[in-house]
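Take a look at the structure below.
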Amino acid sequence: MRIKDDLKLYHVGSEYVVVDMSAGQASQTQLFAMNEATASLWEAFHDCDFTAEQMVQWLCDSYEVDADTARHDVLEMIDTWKAYGMIA
Amino acid sequence: MESVWDDSLSRSQQAFFLLLRSGLWECDISDFSLFPLSQQEWDDVFHMAGSQTVQGLVYRGFQHLPDDLFPSQSQVWQWVSIAARLEKEYRQFCQQTADTFQMLDKEGLQPFLQKGLAVAQYYEHPELRVNGDIDWYLDGKETLAGVLPWLEHQGYQPECHSDGSISFTHEGTEVELHRQLVDLDSPCHRKAVRQLLGTDHTGETLLLSDTRVRVPAPIATLILLNAHLMKHAFTVGVGLRQFCDMARAYHRLYRHYDASALATAYRRTGLWQWSRLMHRFLISYLGMPADELPSPTPAYPHDCQRLLRQVLREGNFGQHAEHWQKAHSKGRNRCHTVRQIIGRLPFSLRYAPVEMMCKMVALA
(Lines give C-alpha, C1' and ligand atoms only; values in the text may rest on other atoms or scores of the structure.)
Protein backbone atom coordinates (compact mmCIF):
# COMPACT_ATOMS: atom_id res chain seq x y z
CA MET A 1 0.00 0.00 0.00
CA ARG A 2 1.01 3.59 -0.49
CA ILE A 3 -0.52 6.94 0.42
CA LYS A 4 -1.38 8.84 -2.76
CA ASP A 5 1.02 11.53 -3.90
CA ASP A 6 -0.31 15.09 -3.84
CA LEU A 7 -1.96 14.71 -0.45
CA LYS A 8 -0.55 17.20 2.02
CA LEU A 9 -0.92 17.22 5.78
CA TYR A 10 -1.37 20.65 7.40
CA HIS A 11 -0.81 21.07 11.13
CA VAL A 12 -2.48 24.27 12.31
CA GLY A 13 -2.77 24.73 16.08
CA SER A 14 -4.37 21.57 17.40
CA GLU A 15 -5.85 20.69 14.00
CA TYR A 16 -4.43 18.16 11.55
CA VAL A 17 -5.94 18.42 8.09
CA VAL A 18 -5.11 16.56 4.87
CA VAL A 19 -5.73 18.35 1.56
CA ASP A 20 -5.72 16.83 -1.93
CA MET A 21 -3.31 19.13 -3.76
CA SER A 22 -4.07 17.59 -7.17
CA ALA A 23 -7.75 18.62 -7.10
CA GLY A 24 -8.85 21.95 -8.59
CA GLN A 25 -10.12 24.49 -6.09
CA ALA A 26 -9.67 23.17 -2.52
CA SER A 27 -13.11 23.38 -0.96
CA GLN A 28 -13.67 22.53 2.67
CA THR A 29 -15.42 19.29 1.65
CA GLN A 30 -12.09 18.05 0.25
CA LEU A 31 -10.36 18.39 3.61
CA PHE A 32 -9.85 15.37 5.83
CA ALA A 33 -9.35 15.87 9.59
CA MET A 34 -7.06 13.66 11.68
CA ASN A 35 -6.18 13.30 15.34
CA GLU A 36 -2.59 13.58 16.54
CA ALA A 37 -1.86 9.81 16.57
CA THR A 38 -3.23 9.31 13.05
CA ALA A 39 -1.28 12.34 11.85
CA SER A 40 1.91 10.82 13.34
CA LEU A 41 1.24 7.61 11.41
CA TRP A 42 0.69 9.65 8.28
CA GLU A 43 3.98 11.48 8.74
CA ALA A 44 5.80 8.17 9.26
CA PHE A 45 4.37 6.41 6.20
CA HIS A 46 3.31 9.10 3.72
CA ASP A 47 6.23 8.67 1.33
CA CYS A 48 6.88 4.91 1.37
CA ASP A 49 5.20 1.58 0.68
CA PHE A 50 3.82 -0.04 3.83
CA THR A 51 1.74 -2.91 5.20
CA ALA A 52 -0.89 -2.83 7.92
CA GLU A 53 1.44 -4.90 10.15
CA GLN A 54 4.23 -2.32 9.81
CA MET A 55 1.80 0.34 10.99
CA VAL A 56 0.71 -1.84 13.91
CA GLN A 57 4.34 -2.34 14.94
CA TRP A 58 5.05 1.40 14.62
CA LEU A 59 2.04 2.25 16.82
CA CYS A 60 3.09 -0.30 19.46
CA ASP A 61 6.64 1.12 19.48
CA SER A 62 5.49 4.75 19.64
CA TYR A 63 2.51 4.58 21.99
CA GLU A 64 1.57 2.45 24.99
CA VAL A 65 -0.90 0.26 23.12
CA ASP A 66 -1.25 -3.52 22.77
CA ALA A 67 -0.99 -5.17 19.34
CA ASP A 68 -4.66 -6.23 19.12
CA THR A 69 -5.95 -2.71 19.84
CA ALA A 70 -3.41 -1.19 17.46
CA ARG A 71 -4.34 -3.70 14.72
CA HIS A 72 -8.05 -2.95 15.13
CA ASP A 73 -7.42 0.81 14.90
CA VAL A 74 -5.04 0.51 11.94
CA LEU A 75 -7.41 -1.69 9.91
CA GLU A 76 -10.30 0.65 10.61
CA MET A 77 -8.18 3.66 9.64
CA ILE A 78 -6.96 2.02 6.42
CA ASP A 79 -10.58 1.23 5.46
CA THR A 80 -11.46 4.91 5.96
CA TRP A 81 -8.45 6.12 3.97
CA LYS A 82 -9.36 3.72 1.15
CA ALA A 83 -12.97 4.89 1.20
CA TYR A 84 -11.76 8.48 0.73
CA GLY A 85 -9.36 7.46 -2.04
CA MET A 86 -6.29 8.39 -0.06
CA ILE A 87 -4.42 5.12 -0.66
CA ALA A 88 -3.16 4.12 -4.09
CA MET B 1 9.49 47.20 16.68
CA GLU B 2 8.35 50.82 16.30
CA SER B 3 4.68 51.39 15.69
CA VAL B 4 2.27 54.28 15.57
CA TRP B 5 -1.28 53.03 15.88
CA ASP B 6 -4.07 54.95 14.30
CA ASP B 7 -6.69 55.43 17.01
CA SER B 8 -9.44 55.17 14.43
CA LEU B 9 -8.64 51.51 13.68
CA SER B 10 -11.32 49.09 14.85
CA ARG B 11 -10.50 46.07 17.04
CA SER B 12 -10.69 43.79 13.99
CA GLN B 13 -8.35 46.07 12.04
CA GLN B 14 -5.84 46.23 14.87
CA ALA B 15 -5.93 42.43 15.23
CA PHE B 16 -5.54 42.11 11.47
CA PHE B 17 -2.36 44.23 11.55
CA LEU B 18 -0.93 42.28 14.48
CA LEU B 19 -1.48 39.00 12.60
CA LEU B 20 -0.20 40.44 9.34
CA ARG B 21 3.03 41.66 10.97
CA SER B 22 3.52 38.34 12.69
CA GLY B 23 3.16 36.51 9.36
CA LEU B 24 5.27 39.03 7.46
CA TRP B 25 8.27 38.71 9.78
CA GLU B 26 7.49 35.23 11.18
CA CYS B 27 7.71 36.68 14.68
CA ASP B 28 5.69 36.41 17.87
CA ILE B 29 2.53 38.47 18.19
CA SER B 30 3.44 41.56 20.18
CA ASP B 31 0.14 42.10 22.00
CA PHE B 32 -2.46 39.51 23.00
CA SER B 33 -4.79 42.00 24.69
CA LEU B 34 -7.12 42.07 21.65
CA PHE B 35 -7.56 38.31 21.69
CA PRO B 36 -9.63 36.16 21.74
CA LEU B 37 -11.56 37.57 18.79
CA SER B 38 -15.26 36.92 18.30
CA GLN B 39 -16.49 34.90 15.33
CA GLN B 40 -17.51 38.15 13.63
CA GLU B 41 -14.10 39.71 14.24
CA TRP B 42 -12.37 36.67 12.75
CA ASP B 43 -14.71 36.96 9.76
CA ASP B 44 -13.69 40.61 9.44
CA VAL B 45 -9.99 39.65 9.57
CA PHE B 46 -10.61 36.99 6.91
CA HIS B 47 -12.39 39.51 4.68
CA MET B 48 -9.65 42.13 5.10
CA ALA B 49 -6.93 39.59 4.31
CA GLY B 50 -8.81 38.74 1.09
CA SER B 51 -9.39 42.31 -0.03
CA GLN B 52 -5.72 43.17 0.63
CA THR B 53 -4.54 39.83 -0.93
CA VAL B 54 -2.45 38.94 2.12
CA GLN B 55 -4.31 35.76 3.14
CA GLY B 56 -1.12 33.70 3.25
CA LEU B 57 0.58 36.13 5.64
CA VAL B 58 -2.38 36.32 8.01
CA TYR B 59 -2.68 32.50 7.87
CA ARG B 60 0.97 32.29 8.97
CA GLY B 61 0.38 35.06 11.53
CA PHE B 62 -2.42 33.43 13.50
CA GLN B 63 -0.27 30.33 13.90
CA HIS B 64 1.82 32.40 16.31
CA LEU B 65 -1.19 32.55 18.66
CA PRO B 66 -1.54 30.07 21.51
CA ASP B 67 -4.10 27.33 20.67
CA ASP B 68 -6.76 28.75 22.99
CA LEU B 69 -6.82 32.03 21.03
CA PHE B 70 -7.26 30.37 17.63
CA PRO B 71 -10.30 30.91 15.42
CA SER B 72 -13.01 28.23 15.42
CA GLN B 73 -12.40 24.87 13.74
CA SER B 74 -14.51 25.79 10.70
CA GLN B 75 -12.57 29.04 10.32
CA VAL B 76 -9.23 27.20 10.63
CA TRP B 77 -10.40 24.89 7.85
CA GLN B 78 -11.34 27.91 5.77
CA TRP B 79 -7.79 29.26 6.17
CA VAL B 80 -6.27 25.85 5.37
CA SER B 81 -8.25 25.64 2.12
CA ILE B 82 -6.96 29.09 1.16
CA ALA B 83 -3.36 28.09 1.98
CA ALA B 84 -3.72 24.91 -0.10
CA ARG B 85 -5.14 26.88 -3.01
CA LEU B 86 -2.27 29.38 -2.85
CA GLU B 87 0.29 26.57 -2.84
CA LYS B 88 -1.32 24.96 -5.87
CA GLU B 89 -1.46 28.27 -7.71
CA TYR B 90 2.17 28.93 -6.80
CA ARG B 91 3.28 25.66 -8.41
CA GLN B 92 1.30 26.46 -11.57
CA PHE B 93 2.62 30.02 -11.58
CA CYS B 94 6.24 28.82 -11.32
CA GLN B 95 5.71 26.54 -14.31
CA GLN B 96 3.95 29.23 -16.36
CA THR B 97 6.68 31.75 -15.55
CA ALA B 98 9.39 29.28 -16.56
CA ASP B 99 7.50 28.39 -19.77
CA THR B 100 7.03 31.99 -20.87
CA PHE B 101 10.65 32.83 -20.00
CA GLN B 102 11.87 30.00 -22.25
CA MET B 103 9.55 31.07 -25.04
CA LEU B 104 10.66 34.75 -24.92
CA ASP B 105 14.33 33.96 -24.36
CA LYS B 106 14.42 31.54 -27.28
CA GLU B 107 13.17 34.36 -29.47
CA GLY B 108 16.09 36.52 -28.27
CA LEU B 109 13.87 39.00 -26.40
CA GLN B 110 16.04 39.01 -23.23
CA PRO B 111 13.22 38.86 -20.65
CA PHE B 112 13.68 39.97 -17.03
CA LEU B 113 11.06 38.95 -14.46
CA GLN B 114 9.51 41.98 -12.75
CA LYS B 115 7.76 41.63 -9.37
CA GLY B 116 5.63 38.47 -9.04
CA LEU B 117 7.69 35.39 -8.23
CA ALA B 118 10.88 37.46 -8.13
CA VAL B 119 9.40 39.21 -5.08
CA ALA B 120 7.80 36.07 -3.63
CA GLN B 121 11.31 34.70 -3.03
CA TYR B 122 11.89 37.46 -0.46
CA TYR B 123 9.24 35.94 1.81
CA GLU B 124 9.78 33.13 4.33
CA HIS B 125 6.98 31.24 2.55
CA PRO B 126 6.97 32.25 -1.15
CA GLU B 127 4.25 29.69 -1.85
CA LEU B 128 1.79 31.64 0.30
CA ARG B 129 2.11 34.95 -1.55
CA VAL B 130 -0.87 35.77 -3.75
CA ASN B 131 0.33 36.13 -7.32
CA GLY B 132 -1.32 38.30 -9.95
CA ASP B 133 0.02 38.34 -13.48
CA ILE B 134 3.45 37.65 -14.96
CA ASP B 135 5.39 40.80 -15.90
CA TRP B 136 8.42 40.65 -18.20
CA TYR B 137 10.72 43.52 -19.03
CA LEU B 138 12.26 43.00 -22.46
CA ASP B 139 15.74 44.47 -22.32
CA GLY B 140 16.93 46.78 -25.07
CA LYS B 141 13.62 46.97 -26.91
CA GLU B 142 12.71 50.50 -28.01
CA THR B 143 9.40 49.19 -29.31
CA LEU B 144 7.48 45.96 -28.96
CA ALA B 145 5.85 46.31 -32.39
CA GLY B 146 7.69 43.31 -33.80
CA VAL B 147 6.64 41.15 -30.88
CA LEU B 148 2.95 41.46 -31.68
CA PRO B 149 2.84 39.42 -34.93
CA TRP B 150 5.20 36.87 -33.40
CA LEU B 151 2.81 36.33 -30.46
CA GLU B 152 -0.12 36.02 -32.86
CA HIS B 153 1.86 33.45 -34.81
CA GLN B 154 2.30 31.50 -31.53
CA GLY B 155 -1.50 31.33 -31.23
CA TYR B 156 -2.01 34.06 -28.64
CA GLN B 157 -4.35 37.04 -28.90
CA PRO B 158 -2.09 39.88 -27.71
CA GLU B 159 -3.38 43.33 -26.80
CA CYS B 160 -1.41 46.59 -27.07
CA HIS B 161 -1.70 49.18 -24.33
CA SER B 162 -1.27 52.95 -24.30
CA ASP B 163 2.04 52.74 -22.38
CA GLY B 164 3.54 50.58 -25.13
CA SER B 165 3.23 47.31 -23.24
CA ILE B 166 1.63 44.15 -24.62
CA SER B 167 -0.47 41.61 -22.73
CA PHE B 168 -1.66 38.12 -23.60
CA THR B 169 -3.10 35.14 -21.76
CA HIS B 170 -1.01 32.02 -21.21
CA GLU B 171 -2.88 29.03 -19.74
CA GLY B 172 -5.34 31.34 -18.00
CA THR B 173 -2.71 33.72 -16.59
CA GLU B 174 -2.21 37.28 -17.80
CA VAL B 175 1.30 37.92 -19.11
CA GLU B 176 2.54 41.48 -19.68
CA LEU B 177 5.57 42.52 -21.73
CA HIS B 178 7.09 45.89 -20.88
CA ARG B 179 9.75 47.98 -22.55
CA GLN B 180 10.36 50.05 -19.39
CA LEU B 181 12.03 48.39 -16.42
CA VAL B 182 10.72 51.11 -14.10
CA ASP B 183 7.22 52.43 -14.62
CA LEU B 184 7.64 56.22 -14.49
CA ASP B 185 5.86 58.81 -16.66
CA SER B 186 8.32 61.70 -16.54
CA PRO B 187 10.84 61.61 -19.43
CA CYS B 188 13.45 63.15 -17.07
CA HIS B 189 12.93 60.40 -14.52
CA ARG B 190 13.05 57.73 -17.22
CA LYS B 191 16.30 59.16 -18.47
CA ALA B 192 17.64 59.19 -14.90
CA VAL B 193 16.72 55.51 -14.51
CA ARG B 194 18.55 54.65 -17.72
CA GLN B 195 21.62 56.61 -16.60
CA LEU B 196 21.58 55.22 -13.06
CA LEU B 197 21.07 51.62 -13.95
CA GLY B 198 22.84 51.48 -17.30
CA THR B 199 23.46 47.80 -17.84
CA ASP B 200 23.77 47.32 -14.09
CA HIS B 201 20.29 45.84 -13.77
CA THR B 202 21.43 42.52 -15.19
CA GLY B 203 23.20 39.50 -13.85
CA GLU B 204 20.84 37.96 -11.28
CA THR B 205 18.92 34.72 -11.82
CA LEU B 206 16.23 32.77 -10.03
CA LEU B 207 15.59 29.02 -10.35
CA LEU B 208 11.93 28.25 -11.17
CA SER B 209 10.76 24.77 -12.22
CA ASP B 210 14.31 23.81 -13.33
CA THR B 211 14.64 26.99 -15.40
CA ARG B 212 17.04 29.84 -14.57
CA VAL B 213 15.04 33.02 -15.02
CA ARG B 214 16.68 36.46 -15.20
CA VAL B 215 15.67 38.97 -12.52
CA PRO B 216 16.82 42.58 -12.02
CA ALA B 217 19.71 43.38 -9.66
CA PRO B 218 18.85 44.50 -6.06
CA ILE B 219 18.96 48.27 -6.60
CA ALA B 220 16.90 48.04 -9.81
CA THR B 221 14.40 45.79 -8.02
CA LEU B 222 13.91 48.30 -5.20
CA ILE B 223 13.43 51.20 -7.61
CA LEU B 224 10.93 49.33 -9.76
CA LEU B 225 8.92 48.08 -6.75
CA ASN B 226 8.90 51.55 -5.25
CA ALA B 227 7.79 53.25 -8.49
CA HIS B 228 5.08 50.61 -8.99
CA LEU B 229 3.78 51.18 -5.46
CA MET B 230 3.78 54.95 -5.86
CA LYS B 231 2.04 54.85 -9.22
CA HIS B 232 -0.81 52.73 -7.88
CA ALA B 233 -1.09 54.62 -4.58
CA PHE B 234 -1.63 57.90 -6.48
CA THR B 235 -3.83 56.49 -9.26
CA VAL B 236 -6.10 53.42 -9.09
CA GLY B 237 -5.26 52.45 -5.51
CA VAL B 238 -2.94 49.98 -3.86
CA GLY B 239 -3.29 47.17 -1.33
CA LEU B 240 -1.18 46.01 1.57
CA ARG B 241 0.39 43.19 -0.44
CA GLN B 242 2.44 45.74 -2.41
CA PHE B 243 3.63 47.37 0.82
CA CYS B 244 4.50 43.91 2.19
CA ASP B 245 6.47 43.19 -1.01
CA MET B 246 8.44 46.39 -0.52
CA ALA B 247 9.11 45.62 3.15
CA ARG B 248 10.31 42.07 2.40
CA ALA B 249 12.49 43.33 -0.46
CA TYR B 250 14.16 45.91 1.80
CA HIS B 251 14.64 43.28 4.48
CA ARG B 252 16.04 40.55 2.23
CA LEU B 253 18.21 42.88 0.16
CA TYR B 254 19.56 44.79 3.17
CA ARG B 255 23.35 45.10 2.80
CA HIS B 256 23.17 43.73 -0.74
CA TYR B 257 23.12 47.23 -2.21
CA ASP B 258 24.67 50.64 -1.55
CA ALA B 259 22.08 52.55 0.54
CA SER B 260 23.49 55.97 -0.36
CA ALA B 261 23.36 55.07 -4.08
CA LEU B 262 19.72 54.08 -3.66
CA ALA B 263 18.90 57.33 -1.83
CA THR B 264 20.53 59.27 -4.68
CA ALA B 265 18.57 57.22 -7.21
CA TYR B 266 15.31 57.96 -5.37
CA ARG B 267 16.12 61.69 -5.49
CA ARG B 268 16.95 61.68 -9.20
CA THR B 269 13.90 59.62 -10.17
CA GLY B 270 11.37 61.69 -8.23
CA LEU B 271 10.75 58.95 -5.67
CA TRP B 272 12.39 60.62 -2.67
CA GLN B 273 9.46 62.44 -1.04
CA TRP B 274 7.13 59.54 -1.68
CA SER B 275 9.69 57.15 -0.24
CA ARG B 276 9.72 59.08 3.04
CA LEU B 277 5.95 58.63 3.29
CA MET B 278 6.07 54.98 2.24
CA HIS B 279 8.88 54.27 4.73
CA ARG B 280 6.83 55.81 7.54
CA PHE B 281 3.96 53.52 6.50
CA LEU B 282 6.21 50.43 6.54
CA ILE B 283 7.56 51.29 9.99
CA SER B 284 4.24 52.28 11.55
CA TYR B 285 1.89 49.63 10.26
CA LEU B 286 4.03 46.73 9.10
CA GLY B 287 6.70 46.80 11.80
CA MET B 288 9.57 47.35 9.34
CA PRO B 289 12.88 47.81 11.19
CA ALA B 290 13.83 51.45 10.47
CA ASP B 291 17.54 50.67 10.26
CA GLU B 292 16.96 48.47 7.20
CA LEU B 293 15.62 51.41 5.20
CA PRO B 294 17.81 53.61 3.01
CA SER B 295 16.24 56.87 4.21
CA PRO B 296 16.32 57.73 7.92
CA THR B 297 13.83 60.61 7.78
CA PRO B 298 10.29 59.28 7.37
CA ALA B 299 7.48 61.73 6.59
CA TYR B 300 4.67 63.02 8.77
CA PRO B 301 2.43 60.49 10.56
CA HIS B 302 -0.63 62.53 9.56
CA ASP B 303 -0.23 61.78 5.84
CA CYS B 304 0.62 58.22 6.69
CA GLN B 305 -2.78 57.80 8.37
CA ARG B 306 -4.43 59.25 5.30
CA LEU B 307 -2.63 56.72 3.14
CA LEU B 308 -3.66 53.91 5.48
CA ARG B 309 -7.33 54.88 5.27
CA GLN B 310 -7.08 54.88 1.48
CA VAL B 311 -5.40 51.46 1.42
CA LEU B 312 -7.96 49.92 3.78
CA ARG B 313 -10.86 51.41 1.82
CA GLU B 314 -9.70 50.39 -1.63
CA GLY B 315 -7.76 47.15 -1.24
CA ASN B 316 -5.66 45.42 -3.87
CA PHE B 317 -5.16 47.82 -6.84
CA GLY B 318 -8.36 49.60 -5.82
CA GLN B 319 -10.46 46.57 -6.73
CA HIS B 320 -12.39 46.71 -3.47
CA ALA B 321 -13.31 50.36 -3.74
CA GLU B 322 -17.03 50.92 -4.09
CA HIS B 323 -16.72 52.44 -7.57
CA TRP B 324 -14.80 49.43 -8.89
CA GLN B 325 -17.52 47.04 -7.85
CA LYS B 326 -20.32 49.26 -9.13
CA ALA B 327 -18.75 50.17 -12.44
CA HIS B 328 -16.53 47.36 -13.61
CA SER B 329 -16.67 48.24 -17.27
CA LYS B 330 -13.60 49.57 -19.07
CA GLY B 331 -14.95 52.97 -20.15
CA ARG B 332 -16.73 53.83 -16.92
CA ASN B 333 -13.82 52.60 -14.85
CA ARG B 334 -11.43 54.86 -16.75
CA CYS B 335 -13.62 57.87 -15.94
CA HIS B 336 -13.60 56.89 -12.28
CA THR B 337 -9.84 56.42 -12.37
CA VAL B 338 -9.31 59.88 -13.87
CA ARG B 339 -11.63 61.42 -11.25
CA GLN B 340 -9.79 59.49 -8.55
CA ILE B 341 -6.40 60.76 -9.73
CA ILE B 342 -7.66 64.35 -9.85
CA GLY B 343 -9.21 64.01 -6.40
CA ARG B 344 -5.87 62.85 -5.01
CA LEU B 345 -3.79 65.58 -6.64
CA PRO B 346 -3.60 67.82 -3.52
CA PHE B 347 -2.09 64.83 -1.74
CA SER B 348 -0.02 63.27 -4.52
CA LEU B 349 1.43 66.59 -5.77
CA ARG B 350 3.10 67.04 -2.39
CA TYR B 351 4.97 63.78 -2.80
CA ALA B 352 5.45 63.32 -6.55
CA PRO B 353 4.75 66.63 -8.35
CA VAL B 354 6.62 65.96 -11.59
CA GLU B 355 5.32 62.42 -11.97
CA MET B 356 1.74 63.46 -11.34
CA MET B 357 1.92 66.35 -13.81
CA CYS B 358 3.30 63.98 -16.44
CA LYS B 359 0.58 61.46 -15.58
CA MET B 360 -2.10 64.10 -16.14
CA VAL B 361 -0.54 65.06 -19.49
CA ALA B 362 -0.43 61.39 -20.51
CA LEU B 363 -4.08 60.93 -19.55
CA ALA B 364 -5.12 64.05 -21.44
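Protein chains get the first letters and strands the later ones, always in sequence-line order, with residue 1 at the start of each. The figures that follow rest on heavy atoms only: side chains count, while hydrogens, waters and symmetry mates do not.
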- prompt: Among B:Gln92, B:Glu89, B:Gln96, whose side-chain hydrogen bond (donor to acceptor under 3.5 Å, both in side chains) with B:Thr173 holds?
  reply: B:Gln96
field: Pair B:Glu124 + B:Arg252: basic N to acidic O under 4.0 Å
entry: yes
message: Can you tell me how far apart CZ (B:Phe17) and OG (B:Ser30) are? Round to the nearest 0.5 Å.
response: 13.0 Å
- request: Output the distance between atom OH (A:Tyr84) and atom CG (A:Leu7), rounded to the nearest 0.5 Å.
  value: 13.5 Å
- prompt: What part of A:Val12 lies closer than 4.5 angstrom to a heavy atom of chain B: side chain, backbone, both or neither?
  reply: both
query: Quick one: are the ring centres of B:Trp42 and B:Trp79 less than 6.0 Å apart?
result: no
task: With sequence neighbours left out, write down each residue that passes side chain to side chain contact (heavy atoms under 4.5 Å, CB included) with B:Glu174, or none if nothing qualifies.
output: B:Asp133, B:Ser167, B:Thr169, B:Glu176
query: For chain B, which residues from residues 56-64 of chain A have at least one heavy atom closer than 4.5 Å to it?
result: none
